[in-house]
Structure formats: C-alpha cells, structure tokens
Amino acid sequence: MTVAELERRLSSAEFVEWQAFYQVEYEIQTDTLPPLEIDDPGAHSAAIDMLF
C-alpha cells in the first residue's frame, strides 16, 4: 500500500499518527534518532511513571 493510499483510507488523525510512528521507526532503524534533551529528569521520570 502506498502512502497516498494510506492517506485516503485513514482519518486525518490516524494518518498523522502513522506518519509519526513511521518517522520514529525509521530513525531507530537508521540510528539517526536525535538525542533526547530532558531539562528535569525527575519530572520526566514521574510523568513516565504516571503513564503506567
């Protein structure tokens, strides 16, 4: 399925989510993921903990 076909079949929100997922997967696979900059590691860790 091409990107144009996906764009037609998915809602706008789903397509944007798919694009973001695909971009991150590509960056992970090609080792081009930018470094994470976390200003407050404690707050970041607490936010992650709240997700679970």
Side-chain angles (χ1 to χ4, degrees):
M1 186 175 300
T2 67
V3 173
E5 290 172 328
L6 276 173
E7 192 170 9
R8 282 193 298 273
R9 295 182 78 174
L10 300 176
S11 70
S12 296
E14 290 171 328
F15 184 71
V16 169
E17 187 175 331
W18 174 83
Q19 282 182 312
F21 174 79
Y22 183 82
Q23 179 66 34
V24 170
E25 281 294 308
Y26 175 80
E27 290 172 350
I28 290 171
Q29 291 177 9
T30 60
D31 200 25
T32 57
L33 192 64
L36 295 175
E37 295 180 16
I38 301 170
D39 295 330
D40 184 353
H44 176 74
S45 179
I48 296 296
D49 289 343
M50 289 177 57
L51 290 172
F52 301 103

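- Contacts of Ala4 classified as side chain to side chain contact (heavy atoms under 4.5 Å, CB included), with partners at least two apart in sequence or in another chain: Thr2, Arg8.
- The stretch residues 12-43 participates, sequence neighbours left out, in these ring-ring contact (aromatic ring centres under 6.0 Å, His included) pairs: Phe15-Trp18, Trp18-Tyr22.
- When hydrophobic clusters are built by joining Ile, Leu, Val, Met, Phe, Trp and Tyr residues whose side-chain heavy atoms come closer than 4.5 Å, directly or via intermediates, Val16 is not grouped with Leu6.
- Under a cut-off of 6.0 angstrom, the local environment of CD in Glu27 is crowded, with over 12 non-hydrogen atoms contributed by other residues, nucleotides or ligands.
- Taking CD1 from Ile28 and CD from Gln23, the interatomic distance works out to 10.5 Å, rounded to the nearest 0.5 Å.
- Checked against side chain to side chain contact (heavy atoms under 4.5 Å, CB included), Arg9 has the following partners two or more places apart in sequence or in another chain: Met1.
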